[in-house]
Amino acid sequence: MQRLLLLIILIAGYLSVFGEKFAHKSIGGEGDSNIPKESVKSPYFDYILGEEGRQACLRLPKLQKEVKAVLYTHQNMTEEVLFRSERFRQKMDSLGVAMAFVQRGSQNWDVTKGCKERFDSIISDFSKVSDHPEIAVAPIIPFGHSAQATFPWNFAAWNPDRTLCIISYHGDAPRTNLCGYGRENIEWGRTRNIDSIPGLMIEGEYEWWEARVRPALAFRMMYPESRISFLCDAGKGHFDLCEETQDYIAKFIEKSLANPRPAGGEYYSRWYEDGSESTDSHDQFWYHDKEMVNLTKARYQSTLGKKMQYLSAKINGRQIRYNPDMHVKMHMEIDTSEFIVEPFFANENRSEASEKHASVKPKVVILSGPVIQTGEYTFKYDLDYFGKDPKRQWKDITLCLEADGDNNYKSAVQELTIKISSVK
C-alpha cells in the first residue's frame with residue numbers, strides 16, 4: 001500500500017512537469033512480495049513507469065546491493081539491442097550498472113523543452129520505487145544511436161558533474177554540424193564543456209562518412225582537456241550492434257568507472273581503410289590506456305585487405321528486394337503475425353545467391369520492434385513489445401542479417417524492415 005501511495009504521488013509529479021497525461025502503466029520487480037511480477041510485461045525490465053508511448057523503463061543490476069551508475073538511453077533503434085542482449089546485461093550486472101530506457105527522449109537535449117525536468121523526475125522516481133535511493137545521485141552514462149547520438153554529448157555538457165562517460169553510437173561528434181537527427185545542433189555557450197569526461201564515438205566501416213569524423217578530431221584539438229575516443233566499427237554498418245562491439249562498450253564503461261576523470265591516457269591514430277597509422281596529433285584520438293588502444297587496433301586489423309561478402313533473405317519463401325537508395329535497404333510487407341526469415345549469401349546487388357563467402361552460417365538478430373524470436377530463423381509479432389508507440393514509427397520490425405568473416409572475407413551485415421499489414 002505504501003508503494004501504491006508513493007506511485008500516486010509520482011504520477012502527480014509527472015503531470016505537473018509536463019502539463020499532459022503521463023500516467024502509471026505498470027511497475028514491479030523480481031523478489032518483491034508486495035507487487036506481483038506480472039505487473040511488468042517485459043522480461044527485460046524490473047520497473048516500468050508511464051503510459052504506452054511515453055514509458056520510462058529500468059533494469060537493475062542483478063545480485064548487486066548498490067547501483068554504481070545508470071546507462072541512460074533514449075529510444076531510437078539499437079538501444080534495444082543492449083537490453084535484449086544477455087551478454088551485455090551480464091556485463092552491466094558485474095559492474096553494478098543499471099539500464100534505463102526512455103521513450104520519446106530529447107534528440108538534442110534542448111533544456112528549453114523540458115528534457116532536464118523529465119530526466120530529474122524519472123531518475124528520482126526510479127530511486128524511490130526501486131528501493132535504491134543511490135540512483136537519485138548515481139553517475140549517468142548517456143548512450144544514443146543515430147538520431148539519438150547527439151543527445152549524449154549535449155547531456156554531458158549540461159550535466160558534467162553527473163556524467164560518468166559518454167557513448168555516441170554510429171553517430172555524432174560533440175558539437176557536430178551533422179546531427180544524426182538532421183537539424184541544427186544546440187549551442188553550448190562559451191563556458192560549457194566536457195573536459196576530462198571519457199567520451200566514445202563509434203562509426204561503422206560500411207557507413208563511413210569522413211565529414212562525421214573530422215569534427216570529432218577538430219573538437220579534441222580545440223579542447224585539449226577533452227577525452228574523445230573513437231572506434232571504427234570495422235566490418236559493420238549503421239544498424240547492427242554485434243557482440244564484439246558490445247564488449248568494447250562494456251570495457252569502456254568499466255575503465256570509466258575505475259577512472260572517471262582520467263588525467264593521462266594514450267593516443268592512437270584514427271582509422272584508415274588501407275591500414276595506415278598517423279603519427280600526427282591532429283589525426284589521433286584519446287584512449288584510456290594501452291589495453292583500449294590494442295583492442296582498437298585489433299578491430300581495425302580484423303578486416304584489413306579482406307573481400308566483401310553480402311547477404312539477402314527470403315521471408316516466408318519470398319525473396320526480399322534490395323534498394324540501395326533507401327536508408328533501410330530492404331523492406332517487405334507480410335500479412336501474418338508469424339514468419340520465417342531465411343538468410344543467404346548473395347551477390348553485390350543482393351539479387352541472387354552467391355558462393356563467394358566465408359564458410360560460416362548467417363544469423364538473424366532483432367534490432368528493434370514488436371517481435372519475438374521463437375527459433376533460429378522463426379519469429380512472431382510481440383503484443384507486449386516494450387517500445388511500442390502508436391503515435392510514432394515503432395510499429396514495424398527491423399532485423400539484421402549477420403555473418404562472421406574469416407581469413408578471406410570481412411563480416412557482413414544487412415538490415416531489413418518488416419511491416420505486418422494485419423497489425424494496425
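Every heavy atom of this structure was used, including side-chain atoms; hydrogens, water molecules and symmetry mates were not.
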Inter-residue atom distance [X].[atom1] - [Y].[atom2], 0.5 Å rounding:
X    : Y    : atom1 : atom2 : value
R261 : S256 : CZ    : OG    : 9.0 Å
L82  : Y44  : CG    : OH    : 12.5 Å
N154 : C115 : CG    : SG    : 9.0 Å
C400 : E415 : SG    : CD    : 7.0 Å
I397 : M332 : CD1   : CE    : 13.0 Å
L164 : I141 : CG    : CD1   : 5.0 Å

Please answer whether the main-chain N or O of [Y] pairs with a side-chain N or O of [X] as donor and acceptor at a distance below 3.5 Å.
X    : Y    : value
E79  : M77  : yes
Q373 : I366 : no
T378 : F339 : no
Y300 : T303 : no
S121 : R118 : no
Q148 : G105 : yes
S85  : V81  : no
K68  : L95  : no
S269 : S278 : yes
Y267 : D283 : no

Measure the shortest side-chain to side-chain distance between [X] and [Y] over non-hydrogen atoms and say whether it is less than 4.5 angstrom.
X    : Y    : answer
Y310 : Q414 : no
S130 : L60  : yes
L241 : H145 : no
M330 : N323 : no
K236 : C242 : yes
F379 : V364 : yes
F119 : R162 : yes
W109 : T150 : no

Can you name the nearest heavy-atom pair linking [X] to [Y], along with the distance?
X    : Y    : answer
I167 : I249 : CD1-CG2, 3.6 Å
S106 : D110 : OG-N, 3.3 Å
D172 : L178 : OD1-O, 3.4 Å
G405 : V360 : O-CG1, 4.5 Å
P343 : V341 : CD-O, 3.3 Å
Y409 : K306 : O-CD, 3.7 Å

Apply salt bridge (charged side-chain N to carboxylate O under 4.0 Å, His left out) to E207 and R212, showing your working. CA-CA 10 Å; E207 65 167 342; R212 285 201 177 278; over 6 Å; no
Short N-O contact, [X] and [Y], less than 4.0 angstrom:
X    : Y    : answer
E254 : K251 : yes
K116 : D120 : yes
D247 : R87  : yes

Determine, stepwise, if the pair V365 / D240 fulfils side chain to side chain contact (heavy atoms under 4.5 Å, CB included). CA-CA 9 Å; V365 177; D240 49 291; over 6 Å; no
Between F83 and F45, does the ring centre distance come in under 6.0 Å? yes
Report the C-alpha separation of Y72 and I123 in whole Å, then their side-chain angles, then the decisive distance to 0.1 Å, and conclude whether the side chain to side chain contact (heavy atoms under 4.5 Å, CB included) test is met. CA-CA 10 Å; Y72 194 84; I123 289 295; 4.1 Å; yes
Pairs in or reaching into residues 215-227: which pass side chain to side chain donor-acceptor pair (under 3.5 Å), with residues at least two apart or in two chains? R175-Y223
Aromatic rings W208 and W271: how do their planes relate, parallel, tilted or perpendicular, breaks at 30° and 60°? tilted
Using a 6.0 Å cut-off, check whether atom NE2 of H327 has over 12 heavy atoms from anything other than its own residue. yes
Would you check, one step at a time, whether the test side chain to side chain contact (heavy atoms under 4.5 Å, CB included) holds for T73 with F101? CA-CA 5 Å; T73 70; F101 178 90; 3.8 Å; yes
Using the rule given for salt bridge (charged side-chain N to carboxylate O under 4.0 Å, His left out), can you reason through E51 versus R54, listing the C-alpha separation, both sets of side-chain angles and the distance that settles it, and then say yes or no? CA-CA 6 Å; E51 65 177 7; R54 200 171 173 80; over 6 Å; no
Report yes or no: do Y268 and E277 form a side-chain donor-acceptor pair below 3.5 Å? yes
Any donor-acceptor pair under 3.5 Å linking the side-chain atoms of D233 with those of H170? yes
Where do L416 and I315 land on the side chain to side chain contact (heavy atoms under 4.5 Å, CB included) test, with the steps shown first? CA-CA 11 Å; L416 62 90; I315 299 177; 4.3 Å; yes
Derivation of the salt bridge (charged side-chain N to carboxylate O under 4.0 Å, His left out) call for R270 and D280: CA-CA 10 Å; R270 51 152 295 172; D280 186 338; over 6 Å; no
